[in-house]
Amino acid sequence: MADPNDLLRRARERVESPHASGDCVSRQELAELVNAWVYEHHRRVIELDANYIGKLEQGTIRWMRDPERRAAFRALLGAATDAELGFRRLRRSRTTVDDVDRQQFLRVGLGITAAAAAGKSTIAELVTQTQPTPIPSFVGMTHVADVRRTAKAFEDWDAHYGGGLVREAATAQLCHCARLLNARCSETVRSAMLSAVGYFGHVTAFMALDTHAHEDARRLFGFAQSCAEESEDWQLRAKVLNSLASHAICRQEPDDALTFTELALVRADRLSATERAMLHTVRAHGLGMLGRAHEAMRAVDVADREFSYNRSIKCPPWMASYDLAHHHGETGRALWQTARHGHFADEARDRLQSALDGYRTSAMRARTRSQVKQASLIMATGDPAEATALGMPALEAAGTLRSRRTLDDLRELRRFAEPHAHRSDVAELRHRIGAVVADRW
């Protein structure tokens with residue numbers, strides 16, 4: 001058994017808790033202080049917790065190779081040397097592979113395999129999580145940063161591949177992050193955590209929208225909106241309402257889409273010009289679906305003016321992807337609604353082409369959807385050979401996506417191509433669309 005590190009424990013007990021007057025600093029509080037000290041002095045994020053401090057005090061861990069961690073402990077606990085805190089290097093013992101009980105290792109490994117083979121448990125049951133990740137009793141800004149990084153990673157995956165493959169993983173991680181809202185923290189941290197978790201909720205909701213899990217999407221958007229309103233994050237609120245409008249358009253409910261955009265623009269002065277451009281664009285989409293072509297074009301004009309303004313209000317991180325190409329793609333798809341009925345077809349086509357010329361490689365789903373929309377527009381109003389030439393490469397990209405909205409766009413292209421099905425190239429396109437749709441979902 002390891003010898004307890006009483007020097008470290010007593011040093012901790014001499015330091016007063018920053019949150020409970022008269023009490024000594026807890027293990028979790030000490031971990032948070034060390035994390036903050038390292039970040040403040042070295043701009044590095046580390047993630048010590050109460051469990052790690054416990055291992056240090058129990059002597060399970062006697063030495064930390066990271067000198068910055070040791071410096072943090074010395075500074076916070078008032079020690080001049082590592083030895084004063086019981087930190088010491090352990091002499092290495094010579095160990096060989098023969099010291100390992102290979103037979104025991106094999107018995108454990110084969111026991112799992114045999115149990116699964118005998119039907120005692122399935123492969124899926126073997127990886128079922130039975131012990132949830134513990135929630136720290138006290139959270140700080142490092143936890144907020146963790147939530148934002150996790151949400152951004154899932155958002156990037158969604159933009160490139162669609163939400164179908166990792167939606168359940170994102171939802172499970174969101175549940176864990178939401179539990180952080182119950183931990184002790186300062187008011188400043190709580191507001192930031194609400195905003196971060198709300199952003200993550202929006203990311204997960206949009207994944208559900210993209211896969212047509214509509215009830216999940218509505219519930220998760222509601223959660224994200226509640227977080228935004230409680231934290232008084234007007235920019236997150238606008239983002240969520242904009243996505244609720246997109247959700248309504250996906251469900252063929254343009255009146256609801258207009259309602260959501262109007263709600264988001266109630267305090268437009270608190271939003272950046274780019275955010276206002278985004279909202280007017282989705283408003284144009286709703287107007288186009290209602291057949292109000294000239295009003296839709298005017299809304300696009302307003303969106304263009306907003307996008308061109310100087311940015312007096314800083315955009316939040318989640319607006320980074322709304323660049324000029326994305327704006328042209330969104331306004332082009334909005335005008336597609338009017339173009340199919342003979343209004344502003346050239347404008348819609350030019351915008352979609354501009355988007356295709358400018359999309360980043362990470363925007364795979366947006367690029368594919370714009371390319372399919374352009375092919376549909378040309379198939380309906382122009383040259384079927386040109387439309388087919390556009391549609392074929394879009395099919396290849398669509399084969400890597402898990403996005404039901406993209407599949408809806410492909411089905412739409414297939415319908416527009418039906419009057420030209422006597423052509424061999426169009427017939428091949430329709431056949432390949434059918435194969436991709438059947439394979440992806």
Side-chain angles (χ1 to χ4, degrees), residues 148 151-152 154-160 162-164 166-167 170-171 174 194-231 233-268 270-272 274-289 299 303 306 315-323 326-327 329-331 333-334 363 365-366 369 403-406 408-409:
R148 290 195 180 279
K152 183 64 168 61
F154 278 115
E155 186 177 48
D156 290 346
W157 178 283
D158 178 53
H160 195 80
V166 296
R167 184 172 76 86
T171 303
L174 173 64
L194 277 165
S195 180
V197 173
Y199 162 46
F200 196 177
H202 172 271
V203 170
T204 311
F206 205 88
M207 286 183 171
L209 183 165
D210 196 44
T211 57
H212 286 187
H214 294 302
E215 291 306 314
D216 286 351
R218 184 179 290 110
R219 175 174 51 81
L220 289 165
F221 278 134
F223 168 76
Q225 186 177 356
S226 296
C227 290
E229 291 177 350
E230 187 172 347
S231 63
D233 188 334
W234 287 83
Q235 292 181 302
L236 177 60
R237 175 181 177 272
K239 179 67 170 175
V240 174
L241 287 169
N242 181 80
S243 293
L244 279 167
S246 297
H247 188 204
I249 286 169
C250 183
R251 292 173 60 85
Q252 302 295 308
E253 297 169 349
D255 284 313
D256 287 348
L258 294 179
T259 299
F260 287 126
T261 55
E262 292 298 332
L263 285 172
L265 288 164
V266 166
R267 287 300 306 270
R270 297 191 175 187
L271 306 178
S272 68
T274 306
E275 289 167 304
R276 295 195 296 269
M278 172 188 70
L279 289 164
H280 284 292
T281 297
V282 77
R283 182 172 179 271
H285 206 142
L287 291 168
M289 288 184 72
E306 291 284 7
C315 283
W318 54 77
M319 290 298 297
S321 62
Y322 199 95
D323 55 10
H326 194 89
H327 178 69
E330 292 298 317
T331 52
R333 286 199 290 271
R365 180 180 56 201
R369 293 195 69 206
S403 165
R404 288 209 177 198
R405 291 186 304 155
T406 303
D408 288 344
D409 294 338

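Reckoned from all heavy atoms, side chains included, excluding hydrogens, waters and symmetry mates.
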What heavy-atom pair brings [X] and [Y] nearest, and what distance separates the two atoms?
X: T281; Y: A334; result: O-CB, 3.9 Å
X: E262; Y: R283; result: OE2-NE, 3.2 Å
X: Y199; Y: A151; result: CE2-CB, 3.6 Å
X: F206; Y: S243; result: CD1-OG, 3.8 Å
X: L279; Y: A238; result: CD2-O, 4.0 Å

- Residue pair S195 / R148, side-chain donor-acceptor N/O under 3.5 Å: yes
- Task: State whether a side-chain donor-acceptor pair under 3.5 Å links E330 with Y322.
- Result: no
- Message: What's the separation between atom CD in Q235 and atom CZ in R237, rounded to the nearest 0.5 Å?
- Response: 12.5 Å
- Message: By the definition salt bridge (Lys or Arg N to Asp or Glu O under 4.0 Å), identify the one residue from D210, D156, D409 that meets it with R365.
- Response: D210
- Using 4.0 Å as the upper bound for N to carboxylate O, is an ion pair formed by D216 and R167? yes
- Task: May I ask you to decide whether E215 forms a salt bridge with R218, counting only side-chain N to carboxylate O separations under 4.0 Å?
- Result: yes
- Message: Please check: side-chain N/O of R276 versus main-chain N/O of L271, any donor-acceptor pairing under 3.5 Å?
- Response: yes
